[in-house]
Amino acid sequence: MPHALRAAVLAVTVALALTACGARGSDEAPDRAATAPARPGGATPSPSGPEPAECPHGQLIKAVEIPAVHADPVHIPEATIGGEKVPAVTIPGVDIPAQRVPAQCVEEKPAPGACLGAVAVPGTSIPGTEIPAVRIPGVQAGGASADPVEEPAKSQKAIDQSAVSVAEVCQSKPSKEGQYVASVYRPSLYRPSLYRPTLYRPSLYRPRACNDDGECIPPVNVPSVTVPSVSVPSVSVPAASLKSYVAGPGQVIKGDDRIAYNIEADVLFDFGKADIKPAAAKSLAELAESIRKEVPSGAPIQVDGHTDAKGDPASNKALSERRAQAIVDWLATKGGLDRARLKATGYGETKPAVSNTEPDGSDDPRARAKNRRVVISAARS
């Protein structure tokens, strides 16, 4: 790596851990100790709203269409037997409207370098259904007798499946050359399949009824009704991991499938500012050249801004966003990289590389300097 690029990161910690799980950072006003906020571990079903046609941060779970079911009504015509009229009767048909299990998105939260983002698969449900009861009335007329025949309603309750999720995991950030950084593992995620069994209402049959004179009322048949079974496939998100490594000399960390550049913000920006220092231009040019050599053409490039814990969280986040965007703008306008590949994210003080304070709670300026950083990461394959 060119000497100038190394120099740009003197104090830059060498981590593919480009950012550690947690995070806080900013370089603005009042001093205060900072503790990384806890991340929620569970996930809830996606809120109601328009169905997604695509999922920018995860796979699309396709909708399942449940067709309508129709059965015609059965008309029993008027009849005369033994001089008595038996009125006509219409046995209602069946119309069960079509149903739908909506499309959903598996959401994989964006994560900074050296982290694997949280993943959530929303809950889902197959709606319940019912085939109504049916009855063929009996006949007592003109010396003929036929008992009524009936079948109760058949129903199936809704089948539900809860959401499943896994939290973000991050590698630790090395503080010196030669330090071993352990691998991290995000387990696979699995939402089981759902199945609503077939619903069936048997056919009904009322036999013909005759009197002693041989006059008969014809038989009546109401066909069976079937609501087909419904299956919603299972959803799987494979496990993922970041391999262990030994921190090397310099700010470029190469893994088997990723590369990361971790640069302390003080090298790039003046205190509390988001304007790139003129002196940083050569180092950024060498960084852009390294990206062109190491990262496949067209691969997305993530630029993450971080601050220390001085100042209020909102100001810190805004500063980190401006700094990340400043690097994106420089790489696009002066570094020769396609802007469409570059994405800026500001984490403020929410993901510190190290604690901003000493064990006794007092301020640690050197540690805070490590937390003020910009991390650029990309896949190598």
R206 vs I217, side-chain contact (heavy atoms from CB on, under 4.5 Å): CA-CA, chis, key distance, verdict: CA-CA 10 Å; R206 190 189 73 186; I217 296 173; 3.9 Å; yes
Show the numbers, then the answer: is there a side-chain contact (heavy atoms from CB on, under 4.5 Å) between R208 and C210? CA-CA 7 Å; R208 73 175 186 165; C210 301; 3.9 Å; yes
Give the C-alpha distance, both sets of side-chain angles, the deciding distance and a yes or no for side-chain contact (heavy atoms from CB on, under 4.5 Å) between L284 and L268. CA-CA 9 Å; L284 288 175; L268 302 171; 4.1 Å; yes
Go through the steps to decide whether I131 and I96 satisfy the test side-chain contact (heavy atoms from CB on, under 4.5 Å), and finish with yes or no. CA-CA 8 Å; I131 304 173; I96 300 173; 4.0 Å; yes
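A donor-acceptor pair under 3.5 Å is formed between the side chain of E51 and the backbone N or O of A103. Panel note: side chain S355, backbone T357; a donor-acceptor pair is recorded below 3.5 Å. In this structure, the side chain of R368 does not engage the main chain of R366 through any donor-acceptor pair within 3.5 Å. The main-chain N or O of G214 is found under 3.5 Å from a side-chain atom of N211 such that the two form a donor-acceptor pair. Within the 3.5 Å criterion, the main-chain N or O of G348 finds a donor-acceptor partner in the side chain of S320. Proximity of a side-chain donor or acceptor of E84 to a complementary backbone N or O of G142 within less than 3.5 Å is detected. Although no hydrogens or angles enter the test, the distance criterion places no donor-acceptor pair under 3.5 Å between the side chain of D213 and the main chain of E215. Remark: the backbone N or O of L116 is not paired with any side-chain donor or acceptor of E168 at under 3.5 angstrom.
The closest side-chain heavy-atom distance from V101 to P127 is below 4.5 Å. In this structure, the side chains of C105 and Q59 stay at 4.5 Å or more apart for every pair of heavy atoms. Looking at D72 and V94, their side chains never come closer than 4.5 Å, going by heavy atoms from C-beta outward. The closest side-chain heavy-atom distance from R191 to V232 is below 4.5 Å. Looking at heavy atoms from C-beta onward, Q104 lies in side-chain contact with T124 at the 4.5 angstrom threshold. Two residues are said to be in side-chain contact when any heavy atoms from C-beta on lie closer than 4.5 Å; R341 and V295 meet this criterion. Residues H57 and P110 form a side-chain contact, since some pair of their non-hydrogen atoms from C-beta on lies under 4.5 Å apart. The closest side-chain heavy-atom distance from D363 to N356 is not below 4.5 Å.
Cluster annotation: I61 is connected to L189 through the hydrophobic network of ILVMFWY side chains, with a link wherever side-chain heavy atoms come within less than 4.5 Å. V164 and V166 fall within a single hydrophobic cluster, where Ile, Leu, Val, Met, Phe, Trp and Tyr side chains are chained together by heavy-atom contacts under 4.5 Å. Linking Ile, Leu, Val, Met, Phe, Trp and Tyr whenever their side-chain heavy atoms come within less than 4.5 Å leaves L199 and V230 in two separate clusters. In the hydrophobic clustering of ILVMFWY residues, with side-chain heavy atoms under 4.5 Å counting as a link, L337 and Y261 come out together. In this structure, V225 is not a member of the same hydrophobic cluster as I136, with clusters built from ILVMFWY side-chain heavy atoms closer than 4.5 Å.
Atom NZ of K317 is separated from atom NE2 of H306 by 11.5 Å, given to the nearest 0.5 angstrom. Here the straight-line distance linking atom OG of S203 with atom CG of N221 works out to 5.5 Å at 0.5 Å rounding. Considering CZ of R135 and CD1 of I91, their distance stands at 9.5 Å, rounded to 0.5 Å. Within the model, atoms CG of L342 and CD1 of I327 stand 10.5 Å from one another, a figure rounded to the nearest 0.5 Å. Atoms CG and OG, on D338 and S297 in that order, are 8.5 Å from each other to the nearest 0.5 Å. Note that OH of Y200 is 9.0 Å distant from CD of E151, once rounded to the nearest 0.5 Å.
For K154, the NZ atom is densely surrounded, since the number of other residues' heavy atoms within 6.0 Å is greater than 12. The 12-atom threshold is exceeded at CD of E78, counting heavy atoms of other residues, nucleotides or ligands nearer than 6.0 Å. Annotation for D160: atom CG counts as buried by contact number, over 12 foreign heavy atoms lying within 6.0 Å. Summarising the local packing, NZ of K62 is surrounded by 12 or fewer heavy atoms from other residues, nucleotides or ligands at distances under 6.0 Å.
Residues V149 and Y205 share a closest heavy-atom pair of CG2-O, 3.7 Å. Scanning all heavy atoms of the two residues, the minimum distance from S145 to A209 falls at O-CB, 3.5 Å. Residues S231 and Y195 approach most closely at OG-CD1, 3.3 Å, considering heavy atoms. Across all their heavy atoms, A288 and G335 have their closest contact at CB-O, 3.5 Å. Nearest heavy atoms, C170 versus V184: O-CG1, 3.4 Å. When every heavy atom of A344 is checked against every heavy atom of V328, the shortest pair comes out as CB-CG2, 3.7 Å.
Of the listed residues (D275, I276, L319), just one forms a side chain to side chain contact (heavy atoms under 4.5 Å, CB included) with F269, and that residue is I276. Partner Q99 forms a side chain to side chain contact (heavy atoms under 4.5 Å, CB included) with one of V64, I66, V227 and no other, that one being I66.
In this structure, a donor-acceptor pair under 3.5 Å is present between the side chains of Q302 and T345. Side-chain contact annotation: H75 with T90, donor-acceptor N/O pair under 3.5 Å present.
In this view, P67 satisfies the side chain to side chain contact (heavy atoms under 4.5 Å, CB included) rule with no residue, not counting sequence neighbours. Contacts of R292 classified as salt bridge (Lys or Arg N to Asp or Glu O under 4.0 Å), with partners at least two apart in sequence or in another chain: E289.
Between E321 and R323 there is no salt bridge, since no side-chain N of the basic residue sits under 4.0 Å from a carboxylate O of the acidic one. For R339 and D329, the salt-bridge test passes: some basic side-chain N is under 4.0 Å from an acidic carboxylate O. One finds a salt bridge joining R186 and E108 here, because a Lys/Arg side-chain nitrogen approaches an Asp/Glu carboxylate oxygen to under 4.0 Å.
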